[in-house]
Amino acid sequence: MKMTYKVIILIAVVILLFTPIYLYKTHMGTTFSLKNSDWGDFGSFIGGVYGSIISSITLLVVLWSSYKTNKTSSEQLAILRNERIFNEFSDILNHLKTNYTRFYNNHKGSNTIETLYNHIEVWLGISVISYYNDRISIEQNLKNNAVLKFQEGYDKDALLKEAKLFVVILNIIEKAPKDISDAMKVIFENTFSNEARFSLEHFTRAHH
């Protein structure tokens with residue numbers, strides 16, 4: 001495809017360069033003149049026609065170079081922007097992973113996060129039986145009841161710091177370009193367990 005494009009350009013340049021000579025030869029005759037005035041006219045013709053052609057070609061080359069430079073600059077800026085977004089995502093994700101609360105305080109004292117998960121699972125199991133809404137899916141029932149649990153439960157502030165970081169991560173993922181956004185989602189899903197993501201999601205829903 002590129003070779004065909006170059007051949008077309010070469011043919012166009014050859015035609016552009018030889019057409020003025022051909023036209024001059026056709027209209028002014030084929031014999032060499034011995035008059036200085038004829039050669040002066042010929043020089044003026046060559047200078048006027050080919051000067052304009054060369055100026056036009058030069059302008060096109062400058063415009064093409066400017067386009068390629070701007071395109072390269074835009075690509076480099078996009079790479080730098082994506083790198084900055086991904087680094088910001090990685091830093092916050094690592095902070096969330098490193099400092100993710102292992103203990104929380106409730107009315108009975110200090111408990112592990114796993115205990116919180118178990119409380120949520122038991123509560124959701126009871127809520128699905130007691131408050132099941134057959135007009136929506138069971139998944140939506142679970143989400144709604146989980147939000148209600150965090151809003152009204154005594155441990156509603158157990159994951160408050162983590163939820164704030166989670167909101168920032170969600171905003172970064174949402175605003176990132178699609179390919180990077182998809183990669184971030186995969187990384188996040190592989191960083192935390194299903195239980196951790198479930199708790200973060202629904203606790204965040206309840207508070208935001």
Pairwise distance [atom1]([X]) to [atom2]([Y]) - rounded to 0.5 angstrom:
X	Y	atom1	atom2	result
Ser55	Leu60	OG	CG	11.0 Å
Leu170	Thr204	CG	OG1	6.5 Å
Asn87	Ile172	CG	CD1	10.5 Å
Asn141	Asn133	CG	CG	5.5 Å
Ile169	Lys164	CD1	NZ	15.0 Å
Arg81	Leu77	CZ	CG	7.5 Å

Item to complete: Would you check if the side chain of Ser66 reaches a backbone N or O of Val62 as a donor-acceptor pair within less than 3.5 Å?
Response: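 It does not hold such a pair.
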
Fill in: Single-linkage hydrophobic cluster Ile136~Tyr132, side-chain heavy atoms < 4.5 angstrom
no

Worksheet item: Are Ile187 and Leu165 in one and the same hydrophobic cluster, where Ile, Leu, Val, Met, Phe, Trp and Tyr link if side-chain heavy atoms are under 4.5 Å apart?
Response: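 Hydrophobic grouping puts Ile187 with Leu165.
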
Item to complete: Can you tell me which residue pairs pass the ring pair (Phe, Tyr, Trp, His ring centres under 6.0 Å) test with a partner in residues 68-90, sequence neighbours excluded?
Response: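 Every pair satisfying ring pair (Phe, Tyr, Trp, His ring centres under 6.0 Å) with a residue in residues 68-90: there are none.
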
Item to complete: Check the pair Phe192 / Phe166 against ring pair (Phe, Tyr, Trp, His ring centres under 6.0 Å), numbers first and verdict last.
Response: CA-CA 12 Å; Phe192 295 98; Phe166 184 49; 8.5 Å; no

Item to complete: Side-chain contact test, heavy atoms from C-beta onward, threshold under 4.5 Å: evaluate it for Met184 versus Ile85 and give yes or no.
Response: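 In contact.
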
Item to complete: Could you note down all residue pairs passing side-chain hydrogen bond (donor to acceptor under 3.5 Å, both in side chains) where residues 168-186 supplies at least one of them, sequence neighbours left out?
Response: Lys178-Asp182

